[in-house]
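Letters A, B, ... mirror the listed sequences (proteins, then strands); counts begin at 1.
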2 protein chains.
Amino acid sequence: MNQIAPKRGRGRPPKTDQHQRETRERLLRAGIELLTEHGFASLGLERILKQVGVPKGSFYHYFSSKDDFAQQVVAGYGDYFAAKLDRWLLNTERAPLQRLMDFVEDGKQGLTRYQFKRGCLVGNMGQELAASHPHLREQLEAVFVDWQNRVAQCLLAAQAANEISEDADCQALAEFFWIGWEGAILRAKLSQNLAPIELFSSMYFSGLTGRT
Amino acid sequence: MNQIAPKRGRGRPPKTDQHQRETRERLLRAGIELLTEHGFASLGLERILKQVGVPKGSFYHYFSSKDDFAQQVVAGYGDYFAAKLDRWLLNTERAPLQRLMDFVEDGKQGLTRYQFKRGCLVGNMGQELAASHPHLREQLEAVFVDWQNRVAQCLLAAQAANEISEDADCQALAEFFWIGWEGAILRAKLSQNLAPIELFSSMYFSGLTGRT
DNA sequence: ACAATATTAGACCAATCGTCTAATAAATTA
DNA sequence: TAATTTATTAGACGATTGGTCTAATATTGT
């Protein structure tokens with residue numbers, strides 16, 4: 001039966017420089033990219049491994065499973081994106097409401113840059129995995145809560161600056177922002193243009209400043 | 001090498017009653033259910049086949065591929081849902097704006113009934129396949145355009161009934177509705193409650209009637 | 001009775017996931 | 001410096017599942 005000569009074990013290749021030590025980071029970075037574009041189920045490990053140039057053994061050294069990998073990718077992306085959000089929303093050189101508009105503008109560029117193929121990792125994973133991966137679902141929800149808190153802060157600043165009504169519910173408006181934003185991204189992926197984003201943006205901001 | 005005795009072909013089992021002739025329909029119905037809940041990539045054919053009680057050969061008799069199947073499922077769902085939409089939006093026993101609210105209420109029940117596991121087939125598939133399946137992408141976009149036209153008609157009726165401002169752009173508002181609606185469903189799947197839907201609904205309708 | 005068609009059973013092959021062994025570079029200790 | 005320990009890697013492997021395809025037969029039509 002066993003006619004195949006077992007020829008196992010190849011040994012560890014030279015850890016030439018510390019560049020090689022960032023294997024984990026590189027896997028995570030590639031994960032953000034590939035998971036955003038292809039989704040979880042369609043994305044084979046082999047695809048990631050090939051892109052990063054790392055063998056399977058390494059992957060399972062750093063991550064206990066594909067699910068675990070996804071969780072760490074989401075965590076990393078949540079932080080990365082929160083930092084980006086802060087860069088826009090805490091920019092004191094702009095009026096508070098303008099900061100949020102700046103973020104929207106930046107998002108539009110991102111969508112265009114990748115030809116509407118990527119969208120938002122958190123939205124994509126949420127749509128795909130909310131029903132089947134309870135732990136990931138909670139994590140994704142937490143990321144949204146975090147993001148929307150940052151927007152809420154920005155809206156409070158806008159309120160303090162008298163840009164929006166003083167009896168507006170900033171927390172609710174921030175949640176509404178993310179609901180619409182994610183919906184608009186989804187639609188933009190389908191229509192392959194920015195119209196949905198622009199429509200959402202104009203409706204949302206004109207709603208904020210009072211006029212329908 | 002080839003020690004395995006080829007033993008192919010089993011023959012066609014009795015087509016007992018015409019119940020059996022609806023195989024195609026039953027596959028499509030199961031497809032709506034299963035694709036909505038599990039997504040395209042995670043859903044194995046075997047899963048569908050088992051649920052419907054049909055062998056693999058039959059599947060590939062009716063559909064040329066899994067992709068083809070998905071397209072036909074989407075087409076079927078688009079029509080089914082358009083009919084449902086009309087049932088609410090053309091209900092002359094209710095004021096136009098109230099009809100749209102009735103639809104929202106119905107959607108809330110649907111989400112709850114399936115414990116936030118399903119959401120909207122078109123939104124789910126769009127998120128997952130827009131980037132990789134150009135043909136399906138166009139089809140899904142067309143479904144949204146169709147649905148939003150129906151909502152636009154309803155809003156025009158509301159305008160005629162003086163429920164909303166006469167200089168509102170009903171087409172744009174209809175598109176905004178679907179953007180927010182799909183975003184709210186996604187978020188509801190994550191939070192596992194109706195809060196996102198209710199927030200969207202209240203924001204959207206209060207925006208319609210003029211007050212922020 | 002015979003031919004044509006619709007439908008089915010399940011073999012088949014490629015791909016994927018996660019595990020596992022063996023090897024060895026680097027770090028640590030003696 | 002030499003011996004030992006630890007972290008990391010190469011990739012074969014088994015189990016499973018994906019989608020396709022062929023051959024067989026029930027049904028229909030002539």
Report the distance from atom CZ of A:F63 to atom P of D:dT8, rounded to the nearest whole Å.
12 Å
Expressed as a whole number of angstroms, how long is the span from B:L49:CG to D:dG18:P?
10 Å
Quick check on DNA chain C: between A:Y60 and B:S58, whose nearest nucleotide comes earlier from the 5' end?
B:S58
Could you tell me how far apart B:L45 (CG) and C:dT16 (P) are, to the nearest whole angstrom?
16 Å
Want to settle it: does A:G57 or A:G44 sit nearer the 5' end of DNA chain C, counting the closest nucleotide to each?
A:G44
Are the side chains of A:T23 and A:F59 in contact, using a 4.5 Å heavy-atom criterion?
no
The nucleotide from C:dT8, C:dA11, C:dG18 with an atom nearest the side chain of B:K56 is C:dA11
Are OP1 or OP2 of D:dT9 and a side-chain N or O of A:T23 less than 4.0 angstrom apart?
yes
Below 4.0 angstrom from OP1 or OP2 of D:dG19, is there any side-chain N or O of B:K66?
yes
Between P on C:dT16 and CZ on A:F69, what's the gap in Å once rounded to a whole number?
16 Å
Whole angstrom is fine here: how far is it from CZ in A:F59 over to P in C:dT19?
11 Å
Looking across every strand, which nucleic acid part, if any, lies under 4.0 Å from A:L43 by heavy atom: base, sugar-phosphate, or nothing?
sugar-phosphate
Let's go through B:K56 and B:E46 carefully: what are the C-alpha distance in whole Å and the side-chain angles of both, what is the deciding distance for side-chain contact (heavy atoms from CB on, under 4.5 Å) to 0.1 Å, and is it a yes or a no?
CA-CA 8 Å; B:K56 214 179 261 193; B:E46 221 70 53; 3.3 Å; yes
Ignoring hydrogens and geometry beyond distance, is a side-chain donor-acceptor pair present between A:N149 and A:Q171 at under 3.5 Å?
yes
For B:H38 and D:dG18, what is the distance between atoms NE2 and P respectively, to the nearest whole Å?
12 Å
Round to a whole Å and report the spacing from CD of A:E46 to P of C:dG18.
12 Å
Could you tell me if the ring centre of A:W181 sits under 6.0 Å from that of A:F103?
yes
Integer-rounded Å distance: C:dT8 C1' and B:L27 CG:
13 Å
Do B:F205 and B:F177 have ring centres separated by under 6.0 Å?
no
So, is B:H61 near the phosphate of C:dT7, with a side-chain N or O under 4.0 Å from OP1 or OP2?
yes
